[in-house]
Amino acid sequence: MNPLMSAEQAVLGAALLDPEQLTHLEWLAADHFYRPVHQALFAALRKLRDDGHPALSAAGPLPLSWVTDAVEEAGQHVRGLTAAYAHTLIQACPRTEHAPVYGRMVLEGAIHRTVAQHAIRLHQAARSDAVQGEVEGAVRTADVLTGVLTDLARRWGTDPRPVPPTAGPSAATHIPPPAQSGQVADEQFLLAVLAEQPGAMGEVVAWLRPGDFADPTHGQLYRCLGALHHRGEPIDRITLLWEAQRRGLLADGTVSSEQLTAICEGMVPGSADWFGQRVMRSSVTRTAAASARAIRTLAQDEALGPGRLINHALHELGPLDEVRARWVAANSSPPPKTTASAPSAAESPPDRVKAARARSTPRPGAAPSAPASHLPTLSAGRPPSRGHP
């Protein structure tokens with residue numbers, strides 16, 4: 001016999017033998033039972049108690065009518081329940097005074113089952129939104145899951161707080177699905193726009209992150225663009241290629257110069273903000289699906305206590321909360337006005353730009369090919385100086 005089924009039978013048997021045990025089970029609900037027949041019988045016992053069944057005030061031994069009336073009441077909502085099964089439940093209860101303990105076992109099983117069911121719903125909503133190009137379904141389902149976890153924590157008697165698992169869910173749950181062709185195209189178009197349109201990074205840098213890209217290579221290239229933007233250096237296909245080389249992306253085969261050139265040459269007229277929001281939308285649904293898989297894996301671990309399960313599940317929703325906040329930021333404010341990607345000579349460049357220019361200044365004795373004020377700001381090591389013949 002499954003331990004959960006034994007606990008369900010034991011708590012019902014205790015209530016059939018001693019109706020007073022129902023007063024110690026007010027925190028237990030009928031839908032916490034797994035089997036429909038057990039749900040119906042527990043609801044019937046509670047209804048008879050609330051209606052003031054005559055057996056509750058009878059002196060002496062408990063009348064048989066308490067059992068037969070409970071079976072009759074439950075039989076109106078479920079099929080297959082007989083008085084013989086009620087007596088089986090009575091025999092399955094070792095000690096009636098242990099009913100609260102049996103009830104907590106039932107609640108523990110319900111918590112695992114409920115968390116798994118809602119995780120499945122979140123995964124389904126995320127996949128549906130990914131196909132339809134939306135995020136509302138996944139966001140709404142995630143909010144429902146958060147509310148369910150909070151309610152379960154209250155019922156179990158613990159404080160709901162995100163706690164990372166000591167040994168995280170299976171690594172398979174964190175393997176991202178392969179990027180779809182539409183996602184790859186959106187990311188390539190965005191990278192091309194960012195590399196070729198001056199000031200385009202200013203439209204997305206506040207809310208778009210490298211991890212939002214489905215293709216890891218695209219995420220690395222966006223990181224290079226972000227580094228150039230952060231240092232105030234000019235952005236084009238050459239500076240992007242140089243930054244990729246400095247970060248070792250060419251040496252380790254992450255990207256080739258031909259691939260980068262193909263991305264930049266594939267630029268189409270468009271808004272970085274528009275393409276960025278498409279990438280961001282895919283990131284929301286992809287993160288929601290990953291959180292759902294991790295939470296379902298946690299719920300299937302029978303050795304995990306309910307309190308730890310709830311808090312670990314809340315922790316797994318953390319990445320989704322973070323990407324949702326950035327999605328809201330991307331849609332709540334208009335994109336900034338396009339500005340030059342590098343400061344003009346009339347502007348006072350920030351300290352980091354001055355430092356970058358200083359690193360690009362030729363060594364003493366070298367003949368510069370241009371005035372120092374027109375030196376490139378790319379901080380990539382000094383060019384070799386020519387010796388005198």
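Throughout, residue positions are numbered sequentially from 1 according to the sequence presented.
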ask   = Is there a side-chain contact between Glu243 and Arg231, using heavy atoms and a 4.5 Å cut-off?
value = yes

For residues 216-225, which side-chain donor-acceptor pairs fall under 3.5 Å, sequence neighbours excluded?
| residue | atom | partner | partner atom | Å |
| --- | --- | --- | --- | --- |
| Thr217 | OG1 | Thr254 | O | 3.4 |
| His218 | ND1 | Glu187 | OE1 | 2.8 |
| Tyr222 | OH | Leu208 | O | 3.0 |

message = Using only atom types and a distance under 3.5 Å, with no angle test, would you say the side chain of Glu203 pairs donor to acceptor with the backbone of Asp273?
response = yes

request  = Could you tell me the separation between the CG atom of Leu194 and the CE atom of Met201, rounded to the nearest 0.5 Å?
outcome  = 6.0 Å

Gap between atom CG of Asp186 and atom CZ of Arg281 - 0.5 Å precision = 8.0 Å

ask   = Are Trp327 and Val139 close enough that some pair of their side-chain heavy atoms sits under 4.5 Å apart?
value = no

task = Step by step, work out the side chain to side chain contact (heavy atoms under 4.5 Å, CB included) result for Phe33 and Leu41.
result = CA-CA 10 Å; Phe33 290 81; Leu41 187 54; over 6 Å; no

task = Answer yes or no: does atom OH of Tyr34 have more than 12 heavy-atom neighbours from other residues, nucleotides or ligands under 6.0 Å?
result = no

message = What I'd like to find out is whether the side chain of Met105 reaches to under 4.5 Å of the side chain of Glu8, using heavy atoms alone.
response = no

message = Please tell me whether Val193 and Val205 are part of a single hydrophobic cluster in this structure, the criterion being side-chain heavy atoms less than 4.5 Å apart.
response = yes

query = Does Asp212 come within less than 4.0 Å of Arg326, counting only side-chain N to carboxylate O?
reply = yes

request  = Any pair with a residue in residues 103-140 that passes ring pair (Phe, Tyr, Trp, His ring centres under 6.0 Å), sequence neighbours left out, goes on the list, sorted by first then second residue, please.
outcome  = none

query = For Leu56 and Pro19, which heavy atoms make the closest approach, and how far apart are they?
reply = CD2-CB, 3.3 Å

ask   = Hey, does the side chain of Ser128 reach the backbone of Gln124 with a donor-acceptor pair shorter than 3.5 angstrom?
value = no

message = Taking salt bridge (charged side-chain N to carboxylate O under 4.0 Å, His left out) as the cut-off, I'd like each qualifying pair that reaches into residues 45-55, sequence neighbours left out, listed once.
response = Glu26-Arg49, Lys47-Asp51

task = Locate the shortest heavy-atom distance separating Ala86 from Leu16; write the atom from each residue and the value.
result = O-CD1, 3.7 Å

Cluster check Leu22, Ile90: I/L/V/M/F/W/Y, side chain < 4.5 angstrom = yes

Side chain to side chain, Arg324 and Val328, heavy atoms closer than 4.5 Å = no

request  = Not counting sequence neighbours, list each pair that qualifies as a ring pair (Phe, Tyr, Trp, His ring centres under 6.0 Å) and has a residue in residues 243-289.
outcome  = Phe189-Phe275

key: Co-membership, hydrophobic cluster, residues Val144 and Leu152, 4.5 Å side-chain   = yes

query = Can you check side chain to side chain contact (heavy atoms under 4.5 Å, CB included) on Leu298 and Val115, steps first, answer last?
reply = CA-CA 9 Å; Leu298 288 169; Val115 172; over 6 Å; no

request  = Any pair with a residue in residues 58-83 that passes side chain to side chain donor-acceptor pair (under 3.5 Å), sequence neighbours left out, goes on the list, sorted by first then second residue, please.
outcome  = His53-Asp69

task = Check whether any side-chain heavy atom of Leu62 sits under 4.5 Å from a side-chain heavy atom of Leu17, and report yes or no.
result = no

query = Going through the distances and angles, do Asp143 and Thr146 end up as a side-chain hydrogen bond (donor to acceptor under 3.5 Å, both in side chains)?
reply = CA-CA 5 Å; Asp143 288 337; Thr146 301; 5.2 Å; no

pair Pro165-Glu316: side-chain heavy atoms closer than 4.5 Å = yes

Test applied, side-chain contact (heavy atoms from CB on, under 4.5 Å); reference residue, Leu145; option that passes from Thr114, Leu320, Leu314, Ile295 = Ile295

ask   = Between Ala70 and Leu45, which heavy-atom pair has the shortest distance, and what is it?
value = CB-CD2, 3.6 Å

request  = Answer with yes or no whether the hydrophobic clustering places Val163 together with Leu304; edges join I, L, V, M, F, W, Y residues whose side-chain heavy atoms lie under 4.5 Å apart.
outcome  = no

inquiry  = Test your reading of the model: is there a side-chain donor-acceptor pair from Thr141 to the backbone of Ala138, 3.5 Å cut-off?
reply    = no

Show me the donor-acceptor pairs, under 3.5 Å and distance only, between side chains in residues 92-102 and residues at least two apart or in other chains.
| residue | atom | partner | partner atom | Å |
| --- | --- | --- | --- | --- |
| Arg95 | NE | Glu97 | OE2 | 2.8 |
| Arg95 | NH2 | Glu97 | OE2 | 2.8 |

task = Might you point out which heavy atoms bring Gln277 and Ala330 nearest each other, and give the distance in Å?
result = NE2-O, 3.3 Å

request  = Return yes when atom CG of Asp252 has more than 12 non-hydrogen atoms of other residues, nucleotides or ligands closer than 6.0 Å, and no otherwise.
outcome  = yes

key: Electrostatic pair Arg237-Glu196, nearest N-O below 4.0 angstrom   = yes

task = Let me see the working for Leu4 and Arg113 under side chain to side chain contact (heavy atoms under 4.5 Å, CB included), right down to the final yes or no.
result = CA-CA 11 Å; Leu4 178 60; Arg113 191 167 58 251; 3.7 Å; yes

ask   = Are side-chain heavy atoms of Phe213 and Leu190 found at a separation under 4.5 Å?
value = yes

request  = Measure from the side-chain N and O atoms of Glu108 to the backbone N and O of Pro306, and report whether any donor-acceptor pair falls under 3.5 Å.
outcome  = no

note = In short, His32 meets Leu28 closest at the heavy-atom pair ND1-CD1, 3.6 Å

query = Got a second to check how far Asp159's CG is from Arg154's CZ, nearest 0.5 Å?
reply = 13.0 Å

request  = Take Gln132 and Asp129, measure what side-chain hydrogen bond (donor to acceptor under 3.5 Å, both in side chains) needs, and give me the verdict at the end.
outcome  = CA-CA 5 Å; Gln132 299 175 12; Asp129 278 358; 5.9 Å; no

ask   = If you measure from CD1 on Ile120 to CZ on Arg296, what distance do you get to the nearest 0.5 Å?
value = 4.0 Å

query = Any side-chain heavy atom of Leu122 within less than 4.5 Å of one from Leu317?
reply = yes

task = Verify side chain to side chain contact (heavy atoms under 4.5 Å, CB included) between Leu89 and His38, making sure each step is shown before the conclusion.
result = CA-CA 10 Å; Leu89 296 176; His38 293 168; 4.2 Å; yes

request  = Assess Arg104 against Trp156: is NZ or CZ under 6.0 Å from the centre of the six-membered ring, and within 45 degrees of the ring's axis?
outcome  = yes

ask   = In Å, rounded to the nearest 0.5 Å, how long is the span from CG of Leu12 to CD of Gln39?
value = 10.5 Å

query = Looking only at heavy atoms, what is the nearest atom pair of Thr285 and Ser282, with distance?
reply = OG1-O, 3.0 Å

Main-chain N/O of Ala272 paired with Gln197 side-chain donor or acceptor, under 3.5 Å = no

task = Rounded to the nearest 0.5 Å, what's the gap from CG on Leu241 to CD on Gln259? Could you check?
result = 11.5 Å

